[in-house]
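Down below is the structure, laid out as structure tokens.
Each chain gets a letter, A, B and so on, in the order its sequence line appears, and its residues count up from 1. Just so it is clear, the values below take in all heavy atoms, side chains as well, and ignore hydrogens, waters and symmetry mates.
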Amino acid sequence: MNWNLTPAEAIQLQKELKEKIDIRPFPGPIQKIAGADISYNKNDDTIYAGIIVLDYETMEPICRSTIIDKMRFPYIPGLLSFREIPSLYAAWEALEEKPDILAMDGHGINHFRRLGVATHFGLISGQACIGIAKNHLTGTYEEPGPKRGSFSNIIDQGEKIGYVLRSRDQVKPVWVSPGHRVSMEQSLEIALHCSRGLRIPEPTRQAHLMVNELRRGEIEAGVKSF
DNA sequence: GCGACAG
DNA sequence: ATCTTGTCGC
């Protein structure tokens, strides 16, 4: 696909892709889940991207794919996918064992045009995805209770677009939404299932640690099985 | 026009 | 996202 777009063209593409979003329930059991994230240095257009696949029950790593690439699009709120997906998709294609669900660092349909990075990736890959973000982007919600597991709905234009989830007692919540091919309720269940004592759910947390090791030269780019 | 705005 | 050590609090 063509990633050489202007911001205006990217917005137009999002409006077209919006019609193809599918948030019907993901069928079948979930045995493997993956986390995707990117990292980079300030004042440098090198991007370090990676995806790590974990066992859904134990959260132990199964395999990974990392790549060192070049940024081709600036960071613009609402257009994050155009900056991150080209590199992440290359890592995805090289990944030996695909997961049932892919969790991405960022939002899914919790987005002004319903096209967060997790939704966009799901649409171009056909992969079931959810978005797990560390900050608010759009919509309104009530502050969830202080205990792990409490959550509240995020509403935008009268539409429910995701949840604010307390993934651990007494810490800042995380923002969860379906990306593609996963239902609203499933996105919440999955995010909570993957929250194992720390604020950030394991898939994106491990992906974050991995791409930072890649950026610091502590691991090599490429594929690996554990 | 003003404010908000993932990573 | 990244720049960065110690420190306060559960």
Side-chain angles (χ1 to χ4, degrees), chain A residues 3 7-8 10-11 14 17-18 21 35-52 66-89 91 102-123 129-141 145-148 150 154-157 161-180 187 191 195 197-201 203-218:
Chain A
W3 288 103
I11 290 171
Q14 290 183 325
L17 288 174
K18 180 177 189 286
I21 300 171
D37 195 13
I38 65 110
S39 175
Y40 57 88
N41 288 309
K42 204 172 182 176
N43 306 320
D44 186 347
D45 64 354
T46 301
I47 177 173
Y48 303 84
I51 298 175
I52 183 164
T66 54
I67 179 177
I68 299 176
D69 199 3
K70 291 295 177 186
M71 296 282 198
R72 309 166 200 181
F73 200 87
Y75 170 67
I76 298 172
L79 299 180
L80 178 67
S81 63
F82 295 89
R83 179 173 177 78
E84 301 195 344
I85 290 184
S87 304
L88 283 174
Y89 192 72
L102 175 61
M104 304 195 69
D105 193 328
H107 297 289
I109 63 171
N110 179 6
H111 178 281
F112 338 115
R113 290 174 292 273
R114 310 293 178 258
L115 256 117
V117 63
T119 300
H120 197 163
F121 193 94
L123 286 169
C129 295
I130 65 172
I132 299 180
K134 301 179 293 300
N135 289 287
H136 166 76
L137 177 61
T138 193
T140 58
Y141 59 87
K147 304 293 289 180
R148 180 195 123 103
S150 53
I154 301 174
I155 307 295
D156 186 41
Q157 304 290 112
I161 58 174
Y163 306 93
V164 183
L165 169 68
R166 194 77 65 186
S167 51
R168 150 174 206 186
D169 290 357
Q170 300 291 345
V171 298
K172 177 178 176 174
V174 292
W175 282 254
V176 179
S177 59
H180 186 54
S187 69
S195 299
L198 300 178
R199 179 168 84 113
I200 307 301
T204 50
R205 191 182 80 87
Q206 292 197 33
H208 183 76
L209 293 172
M210 177 179 73
V211 294
N212 275 309
E213 290 180 346
L214 180 68
R215 177 171 56 85
R216 295 191 299 259
E218 297 167 7

query: Is the closest side-chain heavy-atom distance between Glu84(A) and Met104(A) below 4.5 Å?
result: no

statement: In whole angstroms, the gap separating P of dA1(C) from CG of Leu88(A) amounts to 13 Å

field: Distance test, side-chain N/O of Asn135(A) to OP1/OP2 of dG7(B), below 4.0 Å
entry: yes

- line: note: Ile38(A), atom CD1; dA1(C), atom P; distance rounded to Å ~ 8 Å

Integer-rounded Å distance: dT2(C) P and Tyr48(A) OH: 11 Å

Audit row: Leu137(A), Phe112(A), side-chain contact (heavy atoms from CB on, under 4.5 Å) steps and yes/no: CA-CA 8 Å; Leu137(A) 177 61; Phe112(A) 338 115; 3.6 Å; yes

- prompt: Rounded to the nearest Å, what distance is computed from the CZ atom of residue Arg114(A) to the P atom of nucleotide dC5(B)?
  reply: 16 Å

query: What closest approach, in Å, do Leu102(A) and Ala36(A) show between heavy atoms, and which atom pair accounts for it?
result: CD1-CB, 4.1 Å

Validation row: Met210(A), Thr66(A) side chains within 4.5 angstrom (heavy atoms): yes

task: Anything under 30° is parallel, anything over 60° is perpendicular, the rest tilted; go ahead and classify Trp3(A) against Phe82(A).
output: perpendicular

message: Quick check on dG7(B): is either OP1 or OP2 less than 4.0 Å from any side-chain nitrogen or oxygen of Lys134(A)?
response: yes

statement: One should report the stems of DNA chain C, each a stretch of at least three consecutive Watson-Crick or G-U pairs at distances under 3.5 Å, as none

field: Which nucleotide in dG7(B), dC3(C), dA6(B) has an atom nearest any side-chain atom of Pro77(A)
entry: dA6(B)

query: Just how far, in rounded Å, is C1' of dA4(B) from CD of Gln157(A)?
result: 14 Å

message: How many whole angstroms separate atom CZ of Phe82(A) from atom P of dG7(B)?
response: 18 Å

- prompt: If you look at every strand shown and take non-hydrogen atoms under 4.0 Å, does His111(A) touch a base, only sugar-phosphate, or nothing?
  reply: base

task: Start with the C-alpha gap between Asn41(A) and Thr46(A), add the side-chain angles, then the distance that decides, and say whether side-chain contact (heavy atoms from CB on, under 4.5 Å) holds.
output: CA-CA 7 Å; Asn41(A) 288 309; Thr46(A) 301; over 6 Å; no

task: Check every strand shown and say whether Asp37(A) touches a base, only sugar-phosphate, or nothing at a heavy-atom separation below 4.0 Å.
output: sugar-phosphate

- request: Look at the side chain of Lys42(A) and decide which nucleotide, out of dT2(C), dG7(B), dC5(B), has an atom nearest to it.
  value: dT2(C)

message: In this structure, how many angstroms lie between the C1' atom of dG3(B) and the CZ atom of Phe112(A), rounded?
response: 12 Å

statement: Between Ala191(A) and Val176(A), the two heavy atoms sitting closest are CB-CG2, 3.7 Å

field: Over all atoms of both residues, closest heavy-atom pair of Ile47(A) and Arg83(A)
entry: CD1-O, 4.2 Å

field: Steps toward side-chain contact (heavy atoms from CB on, under 4.5 Å) verdict (Ile11(A), Arg113(A))
entry: CA-CA 8 Å; Ile11(A) 290 171; Arg113(A) 290 174 292 273; 3.8 Å; yes

- request: Pick base, sugar-phosphate or nothing for Ile85(A), based on heavy-atom distances below 4.0 Å to the nucleic acid.
  value: nothing

Nearest to side-chain heavy atoms of Ser39(A), which nucleotide of dC3(C), dC5(B), dA1(C): dA1(C)

Atom pairs under 3.5 Å: protein N/O with N/O of nucleotides 6-10 of chain C:
none

message: Any non-hydrogen side-chain atom of His111(A) less than 4.5 Å from a side-chain atom of Thr119(A)?
response: no

- line: Picking from dA1(C), dC3(C), dG7(B), the nucleotide nearest the side-chain atoms of His208(A) would be dA1(C)

- prompt: Going through the distances and angles, do Thr204(A) and Val174(A) end up as a side-chain contact (heavy atoms from CB on, under 4.5 Å)?
  reply: CA-CA 12 Å; Thr204(A) 50; Val174(A) 292; over 6 Å; no

message: Under a 3.5 Å threshold, yes or no: a donor from one side chain and an acceptor from the other, between Ser39(A) and Asn212(A)?
response: yes

task: Using a 4.0 Å heavy-atom cut-off across all strands, classify Asn212(A) as base, sugar-phosphate, or nothing.
output: sugar-phosphate

- prompt: Does dG7(B) have OP1 or OP2 sitting under 4.0 Å from an N or O in the side chain of Tyr40(A)?
  reply: no

- prompt: In whole angstroms, how far is the P atom of dC5(B) from the CD1 atom of Ile11(A)?
  reply: 17 Å

field: Donor on one side chain, acceptor on other, Ser87(A) and Asp69(A), under 3.5 Å
entry: yes

Distance test, side-chain N/O of Arg215(A) to OP1/OP2 of dT2(C), below 4.0 Å: yes

- prompt: For DNA chain B, what string of dots and brackets results from 5' to 3' when Watson-Crick and G-U pairs need both distances under 3.5 Å, crossing pairs get [ ], and pairs with another strand get |?
  reply: .......

